[in-house]
There are 2 protein chains.
Amino acid sequence: MLTIGNLAKRTGTKVQTIRYYEQIGLMPEPGRTDGGQRRYREAELDRLSFVRHARQLGFSLEAIRELLDLSDHPGKSCAEADAIARRQLRQVEQRLARLEALRSELTRMVHECSGGQTADCRVLEVLRDHAECLTDHDEIGA
Amino acid sequence: MLTIGNLAKRTGTKVQTIRYYEQIGLMPEPGRTDGGQRRYREAELDRLSFVRHARQLGFSLEAIRELLDLSDHPGKSCAEADAIARRQLRQVEQRLARLEALRSELTRMVHECSGGQTADCRVLEVLRDHAECLTDHDEIGA
DNA sequence: GCTTGAACCTCAAGCGGCCGCAGGGTGTAC
DNA sequence: GTACACCCTGCGGCCGCTTGAGGTTCAAGC
């Protein structure tokens with residue numbers, strides 16, 4: 001029987017985050033001591049590990065909810081889980097492309113800065129110069 | 001004299017976002033018509049373009065506030081702006097590294113999925129298998 | 001058995017960076 | 001003069017947590 005603090009340590013999660021997951025129904029309500037403190041078992045450790053791992057892979061909580069649901073129903077087709085992963089992969093690739101563009105622009109800015117006064121700072125100049133804008137008006141991939 | 005809607009169009013910003021920037025003091029309070037509608041000039045268009053461009057490069061609003069302040073004082077040393085940009089570059093590089101790791105793991109997951117039932121789905125298996133966790137417990141770079 | 005102090009509890013609000021809606025007023029073209 | 005697109009304020013919502021206040025419980029040491 002794990003306390004919430006131990007569960008937190010073993011999964012690299014904050015205590016509050018675990019309670020948050022319970023609140024939004026991602027983690028089940030655990031057993032309690034007479035005094036009302038939560039106590040967890042291995043099954044819950046596994047579930048939380050699943051969630052954390054998926055979060056690290058960039059899945060949204062909604063996607064994780066779907067994945068957990070699939071995982072809870074082993075008879076279902078794998079296609080859905082696969083689709084979620086593929087969707088996620090596409091997103092990651094888009095973000096990567098975006099970030100690479102950012103890196104090159106930032107690198108250029110930083111390297112061209114001569115270190116004088118702000119009046120001729122290349123960093124500020126690039127930001128000011130509308131013509132050098134990234135071409136589209138997308139949101140940032142961050 | 002631009003209406004807020006035109007300013008929005010010319011900078012690829014939502015009207016509400018411009019009002020939000022004004023509210024948090026990133027954009028100055030503009031002039032108003034007798035009826036109370038905002039009217040903008042070129043200077044404000046430039047400032048907003050600067051902000052949007054910096055946002056596209058992933059700078060936080062706080063960083064942008066500093067950059068704007070530097071830009072408003074052309075006599076100051078450029079070093080600070082340079083430092084902000086370098087910080088941003090480091091962050092971008094960290095995210096890139098993180099995302100690249102995610103991509104390879106997701107790619108592996110997707111390639112290994114055999115298309116059967118969820119019981120033998122690699123996607124879910126990888127997420128379940130604690131031993132395959134990314135080594136650290138960092139937050140995701142997203 | 002008693003005391004300490006770390007860990008737990010609930011509830012609520014806050015963060016960044018906006019977006020969207022309701023319910024109304026304005027500006028301009030015909 | 002009227003239609004209708006646009007503007008206004010204010011507030012609540014989004015995600016994925018985090019922080020804080022104010023109080024209770026548990027386990028170890030004496």
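Order of the sequence lines sets the chain letters (A, B, ...), proteins ahead of strands, with each chain counted from 1.
For the OP1/OP2 pair of C:dG16 and a distance below 4.0 Å, the side-chain nitrogens and oxygens of B:R65 include no atom meeting the criterion. Of the side-chain N and O atoms in A:R38, one or more sit less than 4.0 angstrom from OP1 or OP2 of C:dC9.
In terms of modelled atom types and a separation under 3.5 Å, the side chain of A:T17 and the main chain of A:T13 share no donor-acceptor contact.
For A:E80, there are no salt bridge (charged side-chain N to carboxylate O under 4.0 Å, His left out) partners at least two apart in sequence or on another chain. In this structure, the side-chain hydrogen bond (donor to acceptor under 3.5 Å, both in side chains) partners of B:E22, at least two apart in sequence or on a different chain, are B:R38. Residues meeting the side-chain hydrogen bond (donor to acceptor under 3.5 Å, both in side chains) test with A:R41, sequence neighbours left out: none.
Using a cutoff of 4.0 Å between basic side-chain nitrogens and carboxylate oxygens, A:E62 and A:R65 are scored as salt-bridged. A salt bridge does not link A:R128 to A:E125: none of the charged nitrogens lies less than 4.0 Å from a carboxylate oxygen.
Look at CD1 on B:I24: it is 17 Å from P on C:dG14, rounded to the nearest Å. The interatomic distance linking B:R32 (CZ) with D:dC6 (P) rounds to 19 Å, in whole Å.
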Treat primed atoms plus P, OP1 and OP2 as sugar-phosphate and everything else as base, then score nucleotides 25-30 of chain C 5' to 3': B for base contact with protein heavy atoms under 4.0 Å, S for sugar-phosphate contact only, - for none. BSS---
Expected string for nucleotides 10-22 of chain D under the B/S/- scheme (protein heavy atoms, under 4.0 Å, primed atoms plus P, OP1, OP2 as sugar-phosphate) is ------BBSB---
Test side chain to side chain donor-acceptor pair (under 3.5 Å) on B:R10 and B:Y40 and set out the steps. CA-CA 12 Å; B:R10 292 194 41 192; B:Y40 296 91; over 6 Å; no
Only pairs under 3.5 Å count here: list side-chain donor-acceptor contacts from residues 82-93 of chain B, not counting sequence neighbours, and write none if there are none.
residue: B:D82; atom: OD2; partner: B:R86; partner atom: NE; Å: 3.0
residue: B:Q88; atom: NE2; partner: B:L57; partner atom: O; Å: 3.3
residue: B:Q88; atom: NE2; partner: B:G58; partner atom: O; Å: 3.0

